[in-house]
Amino acid sequence: EAQVTQNPRYLITVTGKKLTVTCSQNMNHEYMSWYRQDPGLGLRQIYYSMNVEVTDKGDVPEGYKVSRKEKRNFPLILESPSPNQTSLYFCASSLTSTLNEQFFGPGTRLTVL
Amino acid sequence: GDSVTQMEGPVTLSEEAFLTINCTYTATGYPSLFWYVQYPGEGLQLLLKATKADDKGSNKGFEATYRKETTSFHLEKGSVQVSDSAVYFCALSDRGYSTLTFGKGTMLLVSP
């Protein structure tokens, strides 16, 4: 089944403890992206990647890192999480970077205490 | 910069009622426009899209027409069902590639 998977789905952690949220897609998509969803703010893009080893900042990149070493994986790294990073995170992918439909993962709900 | 404005929710309707969710946008170029739907506990799914002025996107009984003169892309459905209860997001891309700018979302609640 074609899909985008994220792990973990739920995570409660403490301030300053490094964490990684994994994202993987099995559709051979070139483009991948991370969004955060907050009440009253909709979805905002954190980082995106047009292909392997090519990443760029979105609208709210502060406090996050990403890497794209392989086509299928696009992990989101929080080196020192803070409570303002408590949010619902979505990974998405599309066939290419040129205006294809984006497929979204199921989301990761992160709480930073 | 780009922005998308949607009507605030929740929108509460009875089954078989007519639905309109308003969406207007601001963009520097000629954007493509999208509606995404998020069912409870799930990720977003593309509902419909339109890539140029006067295009009508349609899917599952929903439709929206790209109106350049009013910079709008309102979502409509003639007869909603309980299963349509979800959050609906209007979005645009005017950079020619897949990065999207989303509105804040509108929750739709349909009662039997």
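Everything quoted here is computed from the prediction, not taken from an experiment. Naming convention: chains lettered A, B, ... in sequence-line order (proteins, then strands); numbering from 1 in each chain.
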Rounded to the nearest 0.5 Å, what separation is found between the [atom1] atom of [X] and the [atom2] atom of [Y]?
X: Arg44(A); Y: Phe102(B); atom1: CZ; atom2: CZ; answer: 13.0 Å
X: Glu101(A); Y: Gln45(B); atom1: CD; atom2: CD; answer: 9.0 Å
X: Leu43(A); Y: Gln38(B); atom1: CG; atom2: CD; answer: 7.0 Å

Check this for me: [X], atom [atom1], are more than 12 non-hydrogen atoms of other residues, nucleotides or ligands nearer than 6.0 Å?
X: Tyr30(B); atom1: OH; answer: no
X: Phe18(B); atom1: CZ; answer: yes
X: Lys77(B); atom1: NZ; answer: yes
X: Met107(B); atom1: CE; answer: no

Taking all non-hydrogen atoms of both residues into account, name the closest pair between Leu41(A) and Lys104(B) and its distance.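 Between these two residues, the closest heavy atoms are C-CG, 4.0 Å.
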Decide whether [X] and [Y] are clustered together by the hydrophobic rule: side chain heavy atoms of Ile, Leu, Val, Met, Phe, Trp, Tyr closer than 4.5 Å, transitively.
X: Leu109(B); Y: Leu47(B); value: no
X: Phe104(A); Y: Val4(A); value: no
X: Val11(B); Y: Leu48(B); value: yes

Check: Tyr35(A) and Leu100(B) side chains under 4.5 Å, non-hydrogen atoms: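 Yes, close enough: below the 4.5 Å cut-off.
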Measure Gln37(A) against the heavy atoms of chain B and call it side chain, backbone, both or neither at under 4.5 Å.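 Contact with chain B is through the side chain of Gln37(A) alone.
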Arg109(A) versus chain B, the contacting section by heavy-atom distance below 4.5 Å: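 When you check distances to chain B, no heavy atom of Arg109(A) falls under 4.5 Å.
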Can you check side-chain contact (heavy atoms from CB on, under 4.5 Å) on Phe34(B) and Gln102(A), steps first, answer last? CA-CA 11 Å; Phe34(B) 307 83; Gln102(A) 284 198 47; over 6 Å; no
Is it the backbone or the side chain of Glu8(B) that comes under 4.5 Å from a heavy atom of chain A, or both, or neither?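 Neither part, no heavy atoms under 4.5 Å.
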